[in-house]
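For reference, the structure is listed below as structure tokens.
Each chain gets a letter, A, B and so on, in the order its sequence line appears, and its residues count up from 1.
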Amino acid sequence: MMILVKDNRCDFCGTCVGVCPVDAIELREADISIIHDTCIDCDICIWVCPIDVLSSDAKEEVKHD
Amino acid sequence: MTDYDVIVVGGGPAGSMAAEAAAKQGAKTILLEKDRDIGYPVRCGEGVGATGLRKFIEPDPGWIATTISKVRMRSPDNTQVNFGMDDAGYVLHRRLFDYALANRASQAGAEIQTRAYVDGLILEDEYVRGVKYQYMGETRKLTANIVIAADGVESRVGRMAGLRTASKLKDMDSGYQATVGNIDVDQEMIDFYVGDNWAPGGYLWIFPKGDGMANIGLGINGIYGKDHNPHDMIHAFLRQYFPTASVLTSVCGGIPLGKTLKKITAKGIMLTGDAAHMVNPVTGGGIITGMEGGQIAGDVAGQCIQAGDYSEQAMKAYPERWHKAEGKNHEALYRIAQGIAEITDDQLNKIAHRLVKTPSENLSLLKIFTAVAREKPKMLLDVTRAFAGF
């Protein structure tokens, strides 16, 4: 499974960074990326995002099962 | 020899206050802001209390949008409780306010660099000795004796130094705000909605900004974020209550509502403002507490520089002074916030029905909290403590 950022919709507010327990989100002025090697797929960034631009790639997970 | 005595990361109110206080102590200080502008984007409801503000800066009509004297709280069944404020409040133009604070820091001698994104620390023997940052595609390094991290809700700089700064989900509100035009609201009143319908685990606010404009925002507890998102809720609210309003600006943001971090210093580094979780856990207001924390941090950093002692022991004056100024109150407010979170919509309605019988001129925030504490008696001591200030 993988956390994904829906293209071009992020407001770069940093709320997800503030809750990430493993510091797996990089955020600059207008650039966000998930460090997939560090991410533990806890999904709380998805829940806390005020505009729902994060999602987990659940389909991928099903594929790999 | 270091490049600077003090490096401040972040150009919000906490960072600017820190930079100003350090510079005033004679420390060679630079403030690094990641965005292009100081003060923009404004991720904030922009409300402050007059007394708190005056401790740090004289109110200036240039950055005050409206002066507030009345409050309305609406329970889930829309029972409206109106009351006056003991202390005046202001809704700010944060963009201009943050500029004024940064300008003041620069006039005290601090340098300011925008577009400077700090993405690493220079560490030596576990001591923070400076920062690495990106500027216009170029990696730069600066050394200093003390780094003050005022990098807001993200609080990454502290993590780079090994401090645990991440908020628990239950201690983070997920926020969204639209600044709207063409609405008819009382320009001297702030208006709040509570309850599961509009604001699960938080509140929705209407703060007037003058000329028929207002900030209409919502913070919901992160836990509720799984099934709700404040963007959709604010737009549904606008459709229902202000269908002719136009959205002039919209922003989202996180509000860290946890207790101030146990450790706000490490070797060579101090954390302040939202980055140190200094936001008022009941109101979500972080401007004044951030300014207070920033000023103390900068002042202590300046004193350390003067004494030539940058040890954690020397920096201890910072958490001690913060705790004395706000810490105890902050912890009582955190417990009150936990109590409020357990109150059901039915209880909120019951409280409102009781309060609405009191003439509004006799109502105060203390009376309201006392009424809330009747439903949650374990809150009473903390409410008394918070209002009496002990």
>> Once salt bridge (Lys or Arg N to Asp or Glu O under 4.0 Å) is applied, what residue pairs with a partner in residues 215-225 of chain B remain, sequence neighbours excluded?
In response: none

> Mind checking what makes side chain to side chain contact (heavy atoms under 4.5 Å, CB included) contact with B/Val153, not counting sequence neighbours?
Replying inline: B/Met172, B/Pro256

Enumerate the inter-chain donor-acceptor pairs under 3.5 Å for chain A and chain B, one line per pair.
unit_1	atom_1	unit_2	atom_2	d
A/Asp11	O	B/Arg43	NH2	2.7
A/Asp11	OD2	B/Arg43	NH1	2.8
A/Asp11	OD2	B/Cys252	N	3.1
A/Phe12	O	B/Arg43	NH2	3.3
A/Thr15	OG1	B/Gly254	N	2.7
A/Val17	O	B/Arg159	NH2	2.5
A/Gly18	O	B/Ser167	N	2.8
A/Cys20	O	B/Arg159	NH1	2.6
A/Asp23	OD1	B/Arg156	NE	2.9
A/Glu26	OE1	B/Arg156	NH1	3.2
A/Leu27	O	B/Tyr117	OH	2.7
A/Glu29	OE2	B/Arg36	N	2.8
A/Val48	O	B/Ser174	OG	2.7
A/Pro50	O	B/His231	N	3.3
A/Asp52	OD2	B/Asn229	ND2	3.0

> If you look at every heavy atom in B/Gly175 and A/Pro50, which pair is closest and at what distance?
Replying inline: O-CB, 3.1 Å

> Where on A/Ile25 is there a heavy atom nearer than 4.5 Å to chain B: the side chain, the backbone, both, or neither?
Replying inline: backbone

> Got a sec, which residues hit side chain to side chain contact (heavy atoms under 4.5 Å, CB included) with B/Ala161, two or more places apart in sequence or on another chain?
Replying inline: B/Leu121, B/Val128, B/Ile269

> Between A/Cys45 and chain B, which part of the residue has a heavy atom less than 4.5 Å away: side chain, backbone, both or neither?
Replying inline: neither

>> For A/Ile51 versus B/Cys252, what's the shortest heavy-atom pair and its separation?
In response: CD1-SG, 4.0 Å

